[in-house]
Amino acid sequence: MTAPRYPTIEIDASKCTIPFDCKKCLQACQQAVFAVTAVKVERGKETNPKEPGAYRLFAPHRDKCTGCNDCVEICPEDAITITFPGL
């Protein structure tokens with residue numbers, strides 16, 4: 001039995017600086033592959049979603065990716081690339 005082959009999803013953090021404020025890829029992805037997490041956390045203070053670098057986009061569910069490229073096409077910063085094994 002062969003192991004499942006999932007795509008590699010790369011997110012350029014230098015381009016995707018305000019993912020919590022943008023959320024275009026999260027809205028476009030029907031499979032809910034992406035998530036956003038706070039990087040900058042200060043006790044007793046709300047993190048500003050418009051502050052560059054305060055949040056980070058990642059793909060915890062890349063096994064659900066179908067390769068539709070909706071996220072790649074909708075990203076205004078051209079920060080997402082998807083590569084499938086063997087292609």
Side-chain angles (χ1 to χ4, degrees):
M1 193 151 100
T2 61
R5 300 179 73 185
Y6 303 126
T8 300
I9 300 174
E10 294 180 25
I11 301 154
D12 187 341
S14 69
K15 293 180 180 179
C16 180
T17 59
I18 53 168
F20 192 83
D21 191 43
C22 175
K23 297 184 202 167
K24 290 185 187 293
C25 57
L26 279 85
Q27 294 167 347
C29 183
Q30 296 293 314
Q31 293 74 29
V33 170
F34 298 99
V36 175
T37 188
V39 175
K40 180 182 177 185
V41 179
E42 294 179 35
R43 188 177 189 151
K45 185 177 177 184
E46 188 174 340
T47 305
N48 182 356
K50 296 183 184 290
E51 181 181 339
Y55 288 89
R56 182 179 64 90
L57 177 70
F58 65 109
H61 306 291
R62 66 187 182 99
D63 59 317
K64 306 288 186 217
C65 181
T66 61
C68 69
N69 280 334
D70 286 348
C71 58
V72 174
E73 293 170 12
I74 203 164
C75 180
E77 303 299 327
D78 196 30
I80 303 170
T81 56
I82 300 173
T83 308
F84 280 86
L87 298 179

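Everything numeric in this text was worked out from a predicted model, so none of it was measured.
The shortest distance between side-chain heavy atoms of Tyr6 and Cys65 does not fall below 4.5 Å. Within the 4.5 Å cutoff, the side chain of Lys40 has heavy atoms near those of the Glu42 side chain. Contact of the Tyr55 side chain with the Thr47 side chain is registered, since non-hydrogen atoms from C-beta on lie closer than 4.5 Å.
For the pair Pro76 and Lys24, the tightest heavy-atom approach, listed with the atom from each and the gap, is CD-CD, 3.8 Å. For the pair Glu73 and Cys68, the tightest heavy-atom approach, listed with the atom from each and the gap, is OE2-O, 4.5 Å. In this structure, Cys16 and Ile11 approach most closely via the heavy-atom pair CB-CG2, 4.2 Å. The two residues Arg56 and Phe58 come nearest to each other via the heavy atoms NH1-CB, 3.5 Å. Residues Ile80 and Cys25 approach most closely at CD1-CB, 3.8 Å, considering heavy atoms. Contact record, Phe84 with Thr66: CZ-C, 4.0 Å, taken as the closest heavy-atom pair.
The structure places NE2 of His61 at 10.0 Å from SG of Cys29, a figure rounded to the nearest 0.5 Å. Here the SG atom belonging to Cys71 is positioned 10.0 Å from the CG atom belonging to Leu26, to the nearest 0.5 angstrom. In this structure, the separation between OG1 on Thr81 and CG on Asn69 is 10.0 Å, given to the nearest 0.5 Å. Distance check, rounded to the nearest 0.5 Å: CG of Leu57 to NZ of Lys15 gives 14.0 Å. Between the CG atom of Asp12 and the CD atom of Glu77 there is a distance of 10.0 Å, given to the nearest 0.5 Å. Summarising the geometry, atom CD belonging to Gln30 is positioned 7.5 Å from atom CG belonging to Asp70; distances are rounded to the nearest 0.5 Å.
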